[in-house]
Amino acid sequence: MHAWRGHSFGSPEILVWEEVDDPPLAAGEARIEVAASAINFPDVLFTAGAHQVKPTPPFIPGFEVAGVVVESREPSLPPGTRVAATLPGSGGYATHVIAGPRTTYTLPDGMPFEDAAALTITYQTGYLALHRRAGIKPGDTVLVHAGAGGVGSAAIQLAKAAGATVIATAGGKEKGAVCRALGADVAIDYRHEDFVAIVKERTSGRGADIIFDPVGGDVFDQSTRCVAFEGRIVVIGFASGRFPAARANHLLVKNYAVIGLYWGTYSRAEPAVTRGAQDALYAMYGRGAIKPLVSAALPMADAKAAMTAVASRATTGKVVLTTQR
């Protein structure tokens, strides 16, 4: 097999495309020929050695793929099965990966591999954050930060599918237009507009019932000013680079909750929960309620440039790497 490997930590430029020995297949595992591998912002952190999961070099980035089973020691995943897989230990920027049944999902008929690779981690994150952690219900107002990004674009679609009013923030008019095309009722250009004031205006002063925050830093701090009574701020990540601190006295007086959602813990500790989420996502996809925004499908050879674009926030939705099959 071939893969993009890092022999040290750094920018995407440190990755090297090289031949790698095929790892042995253990009982209960399947070897998947990769057709599409989705890029996520955490891949950049992983390569830099700044992710929650710090690998030991040499390592292969990439946490979600789609492709075809070519060899199997797992009866539920026979050769020829079209699948998507999440890889808690990474390895997706490669021609082949190994996965087990806990994190491998048989694709619905007709689903393109590009959509399949983009419909796992970010959508499971959004689904679990909104449904399991925040208890979304029809009529809620949901504020989605970084709405034009990978996880934000998923959250917009999922919140709309749940019957919520969605307010999204994004950087610039073009990304705001992307948010509206995804279903957002209101798009705010955080570079030039005060999202706190607009959220309060749109909710008659009440604030947002749910705030979906993959940014952290100042965005989290400002969000505490526009969360509703008994609202929920769901912390997804810290793309800003700063870990904010919740003020306990403010939580007490305003009666709101700050809730964490880290997909990796659910994947390891509660695989039945992530599988249930994926089943729900496939059903929603089948009836047209959600569809990943794949803004670019690029050859695997362009991985470094694609990662750099994602890191610089020059992309929208998901960027997917594809292989010749």
For the residue pair [X] and [Y], is the inter-centroid distance of their aromatic rings smaller than 6.0 Å?
| X | Y | result |
| --- | --- | --- |
| Y123 | Y285 | no |
| F41 | H51 | no |
| Y256 | H250 | yes |

SB check [X] [Y] (cutoff 4.0 Å):
| X | Y | result |
| --- | --- | --- |
| E29 | R73 | no |
| K291 | D115 | yes |
| D185 | K160 | yes |
| E270 | R102 | no |
| R242 | D221 | yes |

(request) Kindly work out whether a path of hydrophobic side-chain contacts (I/L/V/M/F/W/Y, heavy atoms less than 4.5 Å apart) joins I188 to I211. (result)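 Same cluster: I188 reaches I211 through Ile, Leu, Val, Met, Phe, Trp or Tyr contacts under 4.5 Å.
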Atom [atom1] in [X], atom [atom2] in [Y]: separation rounded to 0.5 Å?
| X | Y | atom1 | atom2 | answer |
| --- | --- | --- | --- | --- |
| K254 | T224 | NZ | OG1 | 6.5 Å |
| D189 | E174 | CG | CD | 11.0 Å |
| N255 | L252 | CG | CG | 7.0 Å |
| F238 | D213 | CZ | CG | 8.0 Å |

For [X] against [Y], the heavy-atom pair lying closest together:
| X | Y | value |
| --- | --- | --- |
| A116 | L107 | CB-CD2, 3.6 Å |
| V144 | G152 | CG1-O, 3.6 Å |
| M300 | W4 | O-NE1, 2.9 Å |
| T103 | R275 | N-NH2, 4.4 Å |
| S312 | A309 | OG-O, 3.0 Å |
| K175 | T316 | CG-CG2, 4.1 Å |

Any side-chain donor paired with an acceptor under 3.5 Å for [X] and [Y]?
| X | Y | answer |
| --- | --- | --- |
| E13 | S11 | no |
| E64 | T86 | no |
| D279 | Y105 | no |

Any side-chain heavy-atom pair from [X] and [Y] closer than 4.5 angstrom?
| X | Y | result |
| --- | --- | --- |
| K318 | I39 | no |
| V199 | T141 | no |
| T322 | L298 | no |
| L15 | P61 | yes |
| V235 | V258 | yes |
| P78 | S72 | no |
| I14 | F9 | no |
| Q124 | Q278 | yes |

(request) Quickly, which of T122, L158, V178, L182 forms a side-chain contact (heavy atoms from CB on, under 4.5 Å) with S153? Name it, please. (result) L182
(request) Could you list all the ring-ring contact (aromatic ring centres under 6.0 Å, His included) pairs where at least one residue sits in residues 170-224, not counting sequence neighbours? (result)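 Listed by first then second residue: H145-F195.
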